[in-house]
Number of protein chains: 2
Amino acid sequence: MGELSERQKFILTLVIHEYVRSAQPVGSQTLVDRYALDMSSATVRNEMVALTEAGYLRQPHTSAGRIPTEEGYRYFVSRMVRQSELPAPIQRTISHQFYQTRHDIEEWMRLAASVLAHQSRVASLVTAPHSEQARLKHLELISTRGRQVLMVLVLTGGEIHQQILALPEPISQDKLTEAANHITQLYQGQDINGTNVSNSNLSAFEQVVLGLVSGLMGQSNALVAGEVYLDGLTNVLAEPEFAGSEEARRALHLLEERSLLEDLLSRTVLRSPASGVQVLIGGEGTWDDLRQCSVVLARYGTPGLATGTLGVLGPMRMPYGRAISTVRFVANLLSDLVTETMVE
Amino acid sequence: MGELSERQKFILTLVIHEYVRSAQPVGSQTLVDRYALDMSSATVRNEMVALTEAGYLRQPHTSAGRIPTEEGYRYFVSRMVRQSELPAPIQRTISHQFYQTRHDIEEWMRLAASVLAHQSRVASLVTAPHSEQARLKHLELISTRGRQVLMVLVLTGGEIHQQILALPEPISQDKLTEAANHITQLYQGQDINGTNVSNSNLSAFEQVVLGLVSGLMGQSNALVAGEVYLDGLTNVLAEPEFAGSEEARRALHLLEERSLLEDLLSRTVLRSPASGVQVLIGGEGTWDDLRQCSVVLARYGTPGLATGTLGVLGPMRMPYGRAISTVRFVANLLSDLVTETMVE
DNA sequence: TTTTAGCACTCTAGCCTTTAGAGTGCTAAT
DNA sequence: ATTAGCACTCTAAAGGCTAGAGTGCTAAAA
């Protein structure tokens with residue numbers, strides 16, 4: 001599997017481009033015609049033989065055209081599309097859309113998912129910014145109609161959690177506010193995790209609240225990602241390779257099921273130190289459900305404070321250039337927005 | 001289309017049951033065999049002719065078995081499965097699951113969606129409780145890293161909104177807290193919508209914040225529903241009638257696209273006064289995207305304070321009995337939980 | 001009057017066969 | 001090194017055939 005000649009790389013690119021476009025095996029004559037190549041189909045055939053022997057192309061059957069192998073896609077992605085950028089007009093359009101939603105964080109996530117899905121016509125996911133070791137920023141206790149209290153917790157990084165607390169007997173809103181302020185004052189900026197939550201300065205009620213806060217923070221820190229926003233799931237159903245097959249269901253199920261998604265994210269972007277875009281092609285031998293799929297992922301945010309993940313999932317026959325540049329661009333955009341707004 | 005005899009109703013029920021099970025046209029002999037009927041296939045055939053003439057059954061082609069028509073399903077749903085209840089053991093299992101998540105409101109929504117999807121093997125949706133005329137309960141202002149402020153708004157009904165506020169110059173957290181408390185005190189329990197947001201008791205900064213709060217509340221009140229939780233989208237892809245067809249995509253797209261979903265909800269459950277379960281069969285002539293689908297919907301919560309919607313979407317060939325009783329049961333369960341926890 | 005056995009008829013899904021044509025690999029000429 | 005020419009391969013689409021599931025009708029039985 002040595003180095004390829006320039007012409008071989010060129011033909012590999014064309015085969016991939018044409019296959020992504022048409023979803024049909026690509027023949028030598030087709031390629032010459034469609035791209036007005038300055039050589040004969042026989043020459044293209046010879047190069048195709050070389051690319052096939054190198055493991056970058058394969059034939060569905062003896063007398064058919066070529067389609068890219070997983071290795072073919074990998075070669076293409078790693079050496080040929082890394083540097084491409086999203087066209088400037090599209091960049092401006094997207095930036096403008098984000099500007100219009102500049103006041104609403106949740107809307108950023110939804111918009112990011114929508115942009116990713118539309119730009120590359122695949123399924124997309126965005127996780128809300130999340131810190132693996134958040135500290136307390138603010139606590140609020142709000143009385144409800146019943147004998148219950150709504151607890152609102154703001155963590156550094158900007159995450160907001162709410163939880164319900166059942167009281168043995170009603171407590172007035174004034175007392176609740178007082179308790180919340182007391183705890184906020186004492187524990188602001190700390191990671192109240194699990195242990196060491198007894199404090200003789202606190203009333204019995206405050207002690208209980210503190211225990212719950214501690215539990216919630218521990219639970220939150222254990223998570224790999226924040227809330228998940230999906231979009232464009234129906235896009236991938238339109239792809240011919242997924243027409244009615246089991247494969248599509250399994251891949252989308254991976255996105256629907258939080259635990260599966262956490263596994264995917266924790267073993268990829270979150271393990272890698274670099275902030276670049278990562279491309280998983282064909283499940284990489286680890287995820288059976290993604291054998292027919294590719295995933296393009298990137299992290300955004302401020303490492304240490306709060307980060308999120310975004311990316312797209314589609315068939316292996318995916319417009320990688322477009323997908324990668326879109327993911328990179330949106331990740332940078334979200335990073336800027338979120339870093340500016342980070343609660344610390 | 002007069003009244004049906006008891007035996008005709010019985011046979012209609014069997015045909016629907018068998019067709020839902022097998023997804024194949026149902027023949028007279030099949031029915032006699034499988035359900036050990038006490039009559040001959042000829043008798044069944046005669047009744048089938050009557051049911052076909054009445055418009056409740058049809059034949060895909062001359063010499064095939066029968067399948068239910070839309071009208072057939074409607075007749076079945078309106079007169080024969082209304083009263084059925086979810087089996088007690090399943091009720092207990094579900095109640096137990098909800099008990100385990102009793103502290104986390106968001107988790108209720110996710111669990112409700114999950115239960116609906118699993119029990120009837122279809123796609124499900126749940127919208128968070130939402131009030132059409134919420135009032136202010138509490139306002140919080142939190143300084144961020146940049147020159148921006150995170151505004152957290154708690155409304156009656158328990159909805160929480162966050163928004164970003166860009167400052168011309170930094171303001172200390174103390175001043176922010178003071179401003180938030182001031183506004184909370186003055187406007188708590190009010191619906192600050194659009195007009196009349198000038199108040200000489202407020203500083204210029206507080207005036208700005210108040211304007212934003214007003215805008216956000218107006219925006220929130222205009223929405224038909226709260227956040228949307230989906231589950232089981234991949235379930236419906238397994239159905240044979242949706243294998244690779246355009247239909248499945250269009251139906252699921254309706255759930256993905258917020259605006260389409262709002263239209264659906266606003267014209268159905270939200271228009272109907274009764275609190276019962278509503279069944280839409282085959283798009284009811286209004287929703288082209290649902291021509292092959294049925295939707296079972298119900299409202300939950302406390303009318304006037306805050307309500308949400310939940311339901312399932314699947315192929316018209318759907319286990320209506322199971323779907324309806326599950327939707328009704330989960331709606332009642334969520335109503336109890338949410339009403340108890342309602343912030344007012 | 002209602003039910004049922006019997007029977008001729010209909011229509012599809014599945015299977016086979018055939019065939020057009022897109023594509024290949026090889027060889028020999030350029 | 002490239003390319004024209006050609007025999008060969010394989011699939012996907014089209015046509016023909018058949019088994020069998022299911023019907024509607026009629027006339028006998030209950």
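To find a chain, count down the sequence lines: A is the first, B the second, and so on, and within it residues start at 1.
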Please report, rounded to the nearest Å, how far the [atom2] atom of [N] is from the [atom1] atom of [X].
X: Asp38(B); N: dT3(C); atom1: CG; atom2: P; result: 12 Å
X: Arg34(B); N: dA21(D); atom1: CZ; atom2: C1'; result: 16 Å
X: Glu53(A); N: dG25(C); atom1: CD; atom2: P; result: 9 Å
X: Gln29(A); N: dG25(C); atom1: CD; atom2: C1'; result: 15 Å
X: Met39(B); N: dA30(D); atom1: CE; atom2: C1'; result: 17 Å
X: Glu47(B); N: dT23(D); atom1: CD; atom2: P; result: 14 Å
X: Leu57(B); N: dG22(D); atom1: CG; atom2: P; result: 15 Å
X: Asn46(B); N: dG6(C); atom1: CG; atom2: P; result: 16 Å

OP1 or OP2 of [N] under 4.0 Å from side-chain N/O of [X]:
X: Thr30(B); N: dG22(D); answer: yes
X: Arg45(B); N: dT26(D); answer: no
X: Thr43(A); N: dT3(D); answer: yes

Given [options], identify the nucleotide with an atom nearest to the side chain of [X].
X: Arg66(A); options: dT4(C), dT24(C), dG22(D); result: dT24(C)
X: His61(A); options: dT11(D), dT24(C), dT4(C); result: dT11(D)
X: Ser28(A); options: dT24(C), dT3(D), dG22(D); result: dT24(C)

How is Gln59(B) classified with respect to the nucleic acid when contacts are heavy atoms under 4.0 Å: base, sugar-phosphate, or nothing?
-> sugar-phosphate
* Would Arg267(B) and Thr286(B) count as having a side-chain donor-acceptor pair, cut-off 3.5 Å? -> no
Any chance the side chains of Thr234(A) and Arg249(B) put a donor and an acceptor closer than 3.5 Å? no
Checklist line | Atom CZ of Arg250(A) with >12 non-hydrogen neighbours under 6.0 angstrom | finding: yes
Residue pair Arg7(B)/Ser63(B) against DNA chain C: nearer the 5' end by closest nucleotide is Arg7(B)
From the list Glu241(B), Glu18(B), Glu70(B), salt bridge (Lys or Arg N to Asp or Glu O under 4.0 Å) with Arg317(B) holds only for Glu241(B)
Given the structure, check if the side chain of Thr62(A) and the base of dT9(D) hold any donor-acceptor pair shorter than 3.5 Å. no
ring-ring contact (aromatic ring centres under 6.0 Å, His included) with Tyr320(B): of Tyr75(B), Tyr73(B), Tyr19(B), only one passes, and it is Tyr73(B)
